[in-house]
2 protein chains.
Amino acid sequence: MHSTINEDLRAAGHRLTRTRRAVLDVLERTKYPLSASELYQRLQRNKVSIDLVTVYRTLTVLRDIGLVAQIELHQEGQARFEIQHGREHHHHIRCQTCGKIADLLLCPLKKITAFIEKETKFIVNEHTLEFSGLCPKCQ
Amino acid sequence: MHSTINEDLRAAGHRLTRTRRAVLDVLERTKYPLSASELYQRLQRNKVSIDLVTVYRTLTVLRDIGLVAQIELHQEGQARFEIQHGREHHHHIRCQTCGKIADLLLCPLKKITAFIEKETKFIVNEHTLEFSGLCPKCQ
DNA sequence: TCTCTAATTGCAAGTCTATTGCAATTACCA
DNA sequence: TGGTAATTGCAATAGACTTGCAATTAGAGA
Ligand SMILES: [Mn+2]
Ligand SMILES: [Mn+2]
Ligand SMILES: [Zn+2]
Ligand SMILES: [Zn+2]
């Protein structure tokens with residue numbers, strides 16, 4: 001766990017507690033974004049006893065300071081979270097049959113963002129981009 | 001209201017009822033995607049008495065046969081719906097301050113979709129793309 | 001090390017969006 | 001003009017997420 005994580009938390013008036021360490025730890029070791037309840041289940045399996053409410057609150061803090069990214073996939077009905085810290089901005093693809101989520105280590109939106117700002121006079125701060133379809137196994 | 005709407009419904013074993021007509025009517029006249037409860041409120045204002053549950057069920061039917069598009073904007077916590085029938089596929093931008101939603105009458109993802117299919121071996125069926133930022137008034 | 005305060009946490013309850021069960025109503029076709 | 005399947009309303013339920021509050025804990029400063 002990088003030392004700047006502690007600093008980032010402190011800078012926002014937060015502490016790096018055992019709970020937050022455990023949440024970051026699970027997210028660091030998982031290769032796809034987890035929902036709050038999935039994260040909760042993994043913590044329990046690891047014999048880390050943290051209330052689901054605390055998982056939600058922890059994710060909110062980590063997201064607000066930018067250590068974690070919140071991802072909402074189409075029609076999933078629940079948010080997912082993955083480590084942002086030290087990783088490149090990227091997007092995802094999800095299988096409509098089995099639910100598998102894979103990273104797309106790219107972002108094709110630089111030029112189109114500039115174009116949209118020019119056309120709409122909005123200032124663009126964020127975007128969401130997700131693909132869905134059938135994974136190799138489910139075709 | 002186009003005649004093929006009735007045909008599309010019938011083909012899926014549904015009827016074009018007064019209720020569905022009213023829902024489509026409101027959506028046709030609105031320039032941005034509406035949530036179920038916003039739609040419900042507008043129906044009431046128009047003296048059309050339809051239960052909120054029926055609004056949800058109607059939107060599900062219309063979405064499933066492709067007459068209506070379901071849109072989920074980042075962190076909004078509720079789905080929105082807009083007319084798809086007879087309109088071009090497009091995307092949206094939302095103001096983080098006032099919530100204003102504007103159409104982006106474009107889709108920049110043809111090439112990148114082909115690239116992703118080649119790289120991941122997924123078959124891509126859908127994508128979501130939304131931008132957010134500050135509208136001209138809120139800057 | 002001790003103390004004090006603010007941050008953190010757990011538990012219970014609440015909120016909000018959306019769904020489901022079921023009986024009553026309605027549309028449509030034979 | 002029935003008969004039947006689709007539609008609708010109302011009540012209850014589900015599920016994700018949030019809030020209130022009191023108890024606990026972290027850690028800065030004495
Ligand atoms: Mn990822
Ligand atoms: Mn639109
Ligand atoms: Zn991107
Ligand atoms: Zn598109």
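Just so you know, these numbers use all the heavy atoms, side chains as well, and skip hydrogens, waters and symmetry mates. Chain letters run A, B, ... following the sequence lines, proteins first and then strands; every chain starts at 1.
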Exercise. Between Glu76(A) and Arg94(A), is a salt bridge (charged side-chain N to carboxylate O under 4.0 Å, His left out) present by the stated rule, with each step listed?
Worked result: CA-CA 10 Å; Glu76(A) 267 227 322; Arg94(A) 177 171 181 275; 3.0 Å; yes
Problem set entry | Atom-to-atom span, CG of Leu62(A) to C1' of dT8(C) - whole angstrom | 13 Å
Seminar exercise, completed: From CZ of Arg21(B) across to C1' of dT7(D) the rounded distance in Å is 15 Å
Exercise. To the nearest angstrom, how far is Gln78(B) atom CD from dA18(C) atom P?
Worked result: 6 Å
Exercise. Hey, would you say the His91(A) and His127(B) ring centroids sit under 6.0 Å apart?
Worked result: no
Seminar exercise, completed: Comparing nearest nucleotides in DNA chain D, the 5'-proximal residue of the pair Gly13(B), Thr54(B) is Gly13(B)
Exercise. Mapping Thr17(B) and Gly77(B) onto DNA chain C by nearest heavy atom, which one lands closer to the 5' end?
Worked result: Gly77(B)
Seminar exercise, completed: Taking dC28(C), dA26(D), dA18(C) as options, the one with an atom nearest any side-chain atom of Ala79(B) is dA18(C)
Exercise. What closest approach, in Å, do Cys95(B) and Phe122(A) show between heavy atoms, and which atom pair accounts for it?
Worked result: N-CE2, 3.7 Å
For this session: Mind calculating the distance between CG (Leu39(A)) and P (dA16(D)) to the nearest angstrom?
Result: 14 Å
Problem set entry | Touch class at under 4.0 angstrom, heavy-atom based, for Ile50(B) against every strand present | sugar-phosphate
Exercise. Backbone N or O of Leu134(B) within a donor-acceptor pair of the Gln139(B) side chain at under 3.5 Å?
Worked result: yes
For this session: Could you state the atom-to-atom distance from NE2 of His14(A) to C1' of dA7(C) in whole Å?
Result: 9 Å
Exercise. Rounded to the nearest 0.5 Å, how far apart are OG1 of Thr128(B) and CD of Gln75(A)?
Worked result: 11.0 Å
For this session: Among dC29(C), dA16(D), dG27(D), find the nucleotide with the atom closest to the side chain of Arg10(B).
Result: dC29(C)
Pairwise N/O distances under 3.5 Å, protein to nucleotides 19-22 of chain D:
residue	atom	partner	partner atom	Å
dG20(D)	O6	Arg57(A)	NH1	3.3

Problem set entry | Side chain of Asp51(A) (C-beta onward), nearest among dC28(C), dG9(D), dG10(C) | dG10(C)
For this session: Tell me which nucleotide among dA5(D), dC29(C), dT9(C) gets nearest to the side chain of Arg20(A).
Result: dT9(C)
Exercise. How is Thr19(B) classified with respect to the nucleic acid when contacts are heavy atoms under 4.0 Å: base, sugar-phosphate, or nothing?
Worked result: sugar-phosphate
Problem set entry | Arg15(A) CZ - dG27(D) P separation (whole Å) | 6 Å
For this session: For the pair Glu117(B) (side chain) and Val124(B) (backbone), establish whether a donor and an acceptor sit closer than 3.5 Å, ignoring hydrogens and angles.
Result: yes
For this session: Grab the CG-C1' distance between Leu59(B) and dT7(D) for me, whole Å please.
Result: 15 Å
Problem set entry | Nearest-0.5 Å distance that lies between atom CD in Gln84(B) and atom CG in Leu62(B) | 12.0 Å
Exercise. Looking at CD of Glu38(B) and CZ of Arg42(B), how far apart are the two atoms once the value is rounded to the nearest 0.5 Å?
Worked result: 6.5 Å
Exercise. Do any side-chain nitrogens or oxygens of Tyr56(A) fall under 4.0 Å of OP1 or OP2 in dT18(D)?
Worked result: no
For this session: For Arg18(A), answer base if it contacts any base atom (sugar-phosphate contacts may also be present), sugar-phosphate if it contacts only those atoms, and nothing otherwise; contact means non-hydrogen atoms under 4.0 Å.
Result: nothing
Problem set entry | Nucleotide dC11(C), atom C1' - distance to OH of Tyr40(A) in whole Å | 11 Å
